[in-house]
Structures are given as structure tokens and as C-alpha cells.
Amino acid sequence: MLNKLSLLAETVSHLKPIQIAGQIKNRLRRPAFIPMSAPEAKHQAKIDKPISKPSCLNDGLFTFLNITDGFMGWGNMEHGPLWVYNQNYMDWLEQEGIAVEECLEWIDKFIDELPANHIGQNPYPTALRIINWAKFFCTHPECLSRQRLDSMYAQALLLERKLEYHLLGNHLLEDSYALTIAAIYFCDEKLFRKASRLMLRQLDEQLLPDGAHYEQSPMYHCILLDRLLDCINFSTNNKLFDKQEAFSDTLRQKASLMLGHLQSIIYSDGSIPLLNDSAYGIAPTAKELFDYAQRLNISWSPVTLRECGYRKLTDKGMEAILDIGNITATYQPGHSHADTFNYELRIDGQPVIVDTGISTYNKDSRRQYERSTAAHNTVTVGGRDSSHVWGGFRVGRRAKVTLLKDTSSDNPSEIIASHNGFGNSAIHWRSFQLRNGALCIEDEILGPPTEAVGHLHFSPGLHAVVVSEADGLIEVDNCTVKVDGHDSLSLKQETASTEYNHLHACYVLSIVFTHRVKYTVTRKGGIKTQ
């Protein structure tokens, strides 16, 4: 009991007072949906083409998170909360090729059933749905009806009463995006002033100086950038209010910074690293975002990775992306993992050493494993995590990183850092070097002799074998791993994921050591010339 109270106290100690007040308010008072009449239209909103959503409704079947099923009600939890949340987002309104009549049937069905739809009245799905409806009705103004306009306006006012101050982070930013778009759509100047102020405050707080979103998930960075571009799209194409032009210019500056960060962190093929809560198939791709930004006449240039805690090393066809940062969204670490000093490695564009990814948001043992230190390419000490992740989206004790050497700036080749996540008696020191077609990792546990384990997760589809444990030699399809200073080596089968609900077998190398170990990953087939 004492340990649980201590864990809760450590977790709560990082929250903001407004969050704690919001948590209490959210439990005591939950505003209900109230039908409302929309103001008379003064302006028909117009937008440039946004990014289409992936196909998720076909022949009456929904596919979310790689699970396909028919409609079972707006609140059915059979496939987990995130699946039914996706159903309430109504992303299919923006998928290519769907019939307008089918979209209208679903919109009208949703309107009729909303008073009893508690999931649909939650603020996050309400925010995303408002954006989807606004874009749909801009594209199909002939489909407007009083009932549809009234419902959309009432949903916006419901969201205004349920702003997610109890969570903050990306949820509150999404709320501000939706209210800003609704305000422009309905020519509501009072709502615009409130929503735009909220958005600018949250962008200032949530975007780090190097352009990264502070929750440190490349997937969420892309999601939030997409909807920021939507806001720019609405604001620049529908000039209605005083100071709106200056507002649009500020949004364009924020988007340019986010685009520059994205340009810097993606791999050479344009894909994102799967760090923290990230998966493929959820957010728009970097190419889609870049193309959208160009349609909106936004320019950008790469931004050096600094405050986000990530670094990229490149050399002769090898790309490594490292995590050497602290948890920066200290009061909202729900998408953070215990992955201090984790990294991914690609050789000639092929994933070689990978993050195990995320396959679920359900609060179960799989979610706990995917957030744990052992699920990442770093070191555990005494079987402990570097930060105490728990409860699906909670973090108690956090590792504190000290950056000792960073040759970064524009073209880093060596990074050295330490962290105290295992306590001050077991400091983890790690060095990364990428030179001459080889990635060299050195780990040291500073303190009394303690058993530590380094973990390497090889990409699914790659075969690995320990050729000689005594010599520390491991052969992989396209690389060789040479280990020095180990007590023992072992390979086991685990699973990794690049998408929700898809698990693939992979080899995991465990390197047991007591004090200091070094391993080098060398590409096969000679060094690639550039």
C-alpha cells in the first residue's frame, strides 16, 4: 500500500495545478449535450484540398487499428476504447472515393443518436469530428441542412464547455484547433477570439524551440502538424475577423518550424522513427504533410535536433536515430516510454535494429511491456526500468539525462550521455559513435558491481545467430555484431510492431555485463561510398 501511495505521489507531483483542478472538475461535473441553433450563415467557408484520410469504411465494414468489424453502436468497447473512439471521429468522411450519400446517412444517424452517445460527447472525439464535418461541408456545401448545421454548432459549444484542462498536452491543443475551425466556419467572432488565444498559448507551450512537439512522439507530431495545416487552410481562405491575418502568419511560422523538425528526424525514405508512442498507418506521411504545406505556400528548412532529445547519426548508408533526452512534457508523459538511450538503426534504408513499437493502447501486459526499458535498445539494471512507467499512460520516477558530449549541430558522429534512472548508485553512461560503416555503443554502469543487461531488437524478418559467445560474435543477415566485456550472450524470440494489432516475430539479443561493455554493429558487403 505504501509503495502504491509513493508511486501515485511521485506521478501527481509532476502535474500542474490546473490539471489537478481539471481532474476534480471532470469527475464532479460532466456537461451534457444541449441542442442549439446555429447562427444564420454570413459566409460559406472555402478551403484548399486537405490531406485525405485512409480508407476505413468499405461495404458497411469499419477498419480501425487493423481490426475490421461492422457497426455495433457508437459506444461498443469490444475492440477497446481506441477503436470505438476512431468510429466517433468519422474520418471516413475524408477518405477517397466514398459516396456523398453514404456520408450523409452516417452524419444523420450520428445526429439522431448523439444524445445517448456518451463516447461521442467526449471532448477528444468531438474535436476531431468537428474538423472532419467542417472539411466535408466545405467540400460539399450542397449537403448543408439546418439539422446538420445546428448539430455541428451544438457540438462545438459542448466542446467549449468540456475543454480538456484535466489532460492538457495534445488533447487541449486539438480542442483549440477544432474550436478555431468551428469559429471560422460559423463566423463566430467571440468563439474565434477564445479559441485562437488558447491555440497560440498551447503552441507556444507545446512546441519546443527545435520545432518538435513536446510529447516526443513522431507520430503525434505529424498528427498535430496536419491539423495545424488545416487551421491555416481555414484561416487564410476565410478572412473574417480583426487581426486574423496576423494570427494566420503566426500559425504559418509555427507550421514552418514543425515541418523543419519533421524534415530533420525522418529517415531517407521519408518514414518516421517509431519512438515512444508511434506507429505507421495513423498519421499522414511526411510526404503528404510536405505536399499539403506546399499547397498552402508554406516554406521551411531543416531544423537542428536539440531540445527534442533526439539525434540523428548518418554515415555511408547507415542511419541511427537516438533518444538522449528527458521527458519534456513533464505533466503529460502518457505517450512516453522508459526508453532512455534507445536507438534505431537502418542500413541502406532497411531497418536493422528497431524499436518494438506499439500495438495497443489497452491497459494490459502488452502495453506495459511496450513501454518498458526491456522493449527498447538500451540497458536495464537489476531488471528495473529507467523510468517507472505504469497504468498504461502514467510515469512516476523519471530518468534525468546529463549530456556529456554532443558533436551534433548539423552532422554528429559521437554522442556521450549519462542518466540516473536506476538511482544515484547505478548511473548509466553510454557512448554512441557512427563512423566508417560501423555503429559503436559503449555502456558503463557507474557504481558498485551490478548485473546489467543490454538489449538489441533486430527487425522482423532478419535472422540472427550467436556464432561464438566467448568471442562475442553475432551474425545477422546484413550486419555483424561484435561484443566485448560481456558476461554472457543470448538470443530469444520476441515480437515487435510497426502498426496497431500487428505483431511480428523478431530476434532479441541480451548482453549481460557487470560493469562495462562495448559492441559494434558493422555492415556487411563493404562500406557504401557516398
Side-chain angles (χ1 to χ4, degrees), residues 43-54 91 93-96 128 130-141 173-174 176-187 189 192-193 195-204 206-213 218-266 270-272 283-305:
H43 167 81
Q44 175 55 55
K46 299 179 176 62
I47 57 173
D48 294 321
K49 178 176 172 53
I51 297 174
S52 298
K53 299 293 186 181
D91 279 352
L93 299 179
E94 295 299 303
Q95 74 182 44
E96 293 283 357
L128 272 56
I130 287 170
I131 296 173
N132 285 331
W133 283 28
K135 290 192 286 186
F136 176 81
F137 287 128
C138 280
T139 307
H140 303 285
L173 184 55
E174 294 275 23
S176 74
Y177 286 165
L179 289 182
T180 299
I181 287 173
I184 293 171
Y185 189 87
F186 290 105
C187 304
E189 187 169 5
F192 176 79
R193 288 199 302 268
S196 60
R197 285 197 300 266
L198 176 61
M199 189 198 304
L200 293 179
R201 285 199 305 269
Q202 290 306 309
L203 286 171
D204 284 344
Q206 296 190 34
L207 294 187
L208 299 174
D210 66 359
H213 184 254
M219 178 182 78
Y220 277 95
H221 181 93
C222 292
I223 290 171
L224 294 166
L225 174 55
D226 176 31
R227 286 194 262 275
L228 176 58
L229 294 175
D230 284 339
C231 289
I232 294 169
N233 196 350
F234 272 86
S235 189
T236 56
N237 281 293
N238 303 277
K239 298 176 182 178
L240 305 169
F241 311 120
D242 290 340
K243 300 181 181 180
Q244 187 179 346
E245 189 168 348
F247 170 71
S248 298
D249 289 342
T250 300
L251 297 192
R252 295 170 76 88
Q253 292 168 15
K254 300 293 187 182
S256 180
L257 192 60
M258 293 184 76
L259 289 159
H261 172 80
L262 181 60
Q263 183 85 61
S264 296
I265 202 169
I266 55 176
S271 60
I272 59 171
T285 66
K287 183 180 186 308
E288 288 175 320
L289 290 164
F290 295 153
D291 289 347
Y292 190 16
Q294 288 175 343
R295 290 198 296 275
L296 298 174
N297 296 314
I298 299 172
S299 59
W300 69 93
S301 56
V303 178
T304 301
L305 303 176

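FYI, side chains are in, hydrogens and waters are out, and symmetry mates aren't considered; it's all heavy atoms of this structure. As the structure is a computational prediction, the values presented were derived from the model and not from experiment.
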**Q** Can you name the closest pair of heavy atoms from Lys49 and Ser52 and give their distance?
**A** NZ-OG, 3.5 Å
**Q** Taking all atoms of both residues into account, what is the closest heavy-atom pair of Asn238 and Gln44, and its distance?
**A** OD1-O, 4.2 Å
**Q** Can you check whether Leu229 reaches Leu251 side chain to side chain, under 4.5 Å on heavy atoms?
**A** no
**Q** Roughly how far apart are Met258 CE and Ser256 OG, rounded to 0.5 Å?
**A** 11.5 Å
**Q** Looking only at heavy atoms, which two atoms of Ala182 and Ile130 are closest? And how far apart?
**A** CB-CG2, 4.1 Å
**Q** Run the numbers on Lys135 and Leu93 for side chain to side chain contact (heavy atoms under 4.5 Å, CB included), then give the verdict.
**A** CA-CA 9 Å; Lys135 290 192 286 186; Leu93 299 179; over 6 Å; no
**Q** With rounding to the nearest 0.5 Å, note down the distance linking CG in Asp204 to CD in Gln202.
**A** 9.5 Å
**Q** Phe247 and Phe192: aromatic ring centres closer than 6.0 Å?
**A** yes
**Q** How close do Asn233 and Pro50 get, heavy atom to heavy atom, and via which atoms?
**A** ND2-N, 4.4 Å
**Q** Would you check if the side chain of Arg252 reaches a backbone N or O of Asn297 as a donor-acceptor pair within less than 3.5 Å?
**A** yes
**Q** Just so I know, are the side chains of Leu228 and Leu203 near enough to count as touching, which here means a heavy-atom distance under 4.5 Å?
**A** yes
**Q** Could you pull out the closest heavy-atom pair between Leu257 and Gly211, with the gap in Å?
**A** CG-CA, 3.4 Å
**Q** Report yes if the side chains of Leu128 and Arg227 come closer than 4.5 Å at any heavy-atom pair, otherwise no.
**A** yes
**Q** Tell me, with the steps shown, if Leu225 and His213 meet side chain to side chain contact (heavy atoms under 4.5 Å, CB included).
**A** CA-CA 9 Å; Leu225 174 55; His213 184 254; over 6 Å; no
**Q** Could you label the plane-to-plane angle of the Phe136 and His140 rings as parallel, tilted or perpendicular, counting under 30° as parallel and over 60° as perpendicular?
**A** tilted
**Q** Using atom types as modelled and distance alone, determine if a side-chain donor or acceptor of Asp210 lies under 3.5 Å from a backbone N or O of Leu305.
**A** no
**Q** Between Asp230 and Tyr292, is any side-chain donor less than 3.5 angstrom from a side-chain acceptor?
**A** yes
**Q** Determine yes or no for a side-chain-to-main-chain donor-acceptor pair under 3.5 angstrom, with Ser248 supplying the side chain and Ile232 the backbone.
**A** no
**Q** Determine, stepwise, if the pair Thr180 / Leu198 fulfils side chain to side chain contact (heavy atoms under 4.5 Å, CB included).
**A** CA-CA 9 Å; Thr180 299; Leu198 176 61; over 6 Å; no
**Q** Determine the interplanar angle of the His261 and His221 rings, folded into 0 to 90°, and report it as parallel if under 30°, tilted if 30 to 60°, perpendicular if over 60°.
**A** tilted
**Q** Between Ser264 and Pro302, is there a donor-acceptor pair closer than 3.5 Å when you use the side chain of the first and the backbone of the second?
**A** no
**Q** To check you understand the geometry: which heavy-atom pair defines the closest contact between Trp300 and Ala293, and what is its length?
**A** CZ3-CB, 3.8 Å
**Q** Using side-chain heavy atoms (C-beta onward) and a distance below 4.5 Å, is Glu189 in contact with Leu240?
**A** no
**Q** Before accepting this row, confirm whether a basic side-chain N of the pair Lys287/Asp291 lies closer than 4.0 Å to the acidic partner's carboxylate O.
**A** yes
**Q** Do any N or O atoms from the side chain of Tyr177 and from the backbone of Leu224 form a donor-acceptor pair under 3.5 angstrom?
**A** yes
**Q** Side chain to side chain contact (heavy atoms under 4.5 Å, CB included) for Tyr220 and Leu173? Distances and angles first, verdict last.
**A** CA-CA 12 Å; Tyr220 277 95; Leu173 184 55; over 6 Å; no
**Q** Are the side chain of Gln244 and the backbone N or O of Ser235 linked by a donor-acceptor pair below 3.5 Å?
**A** yes
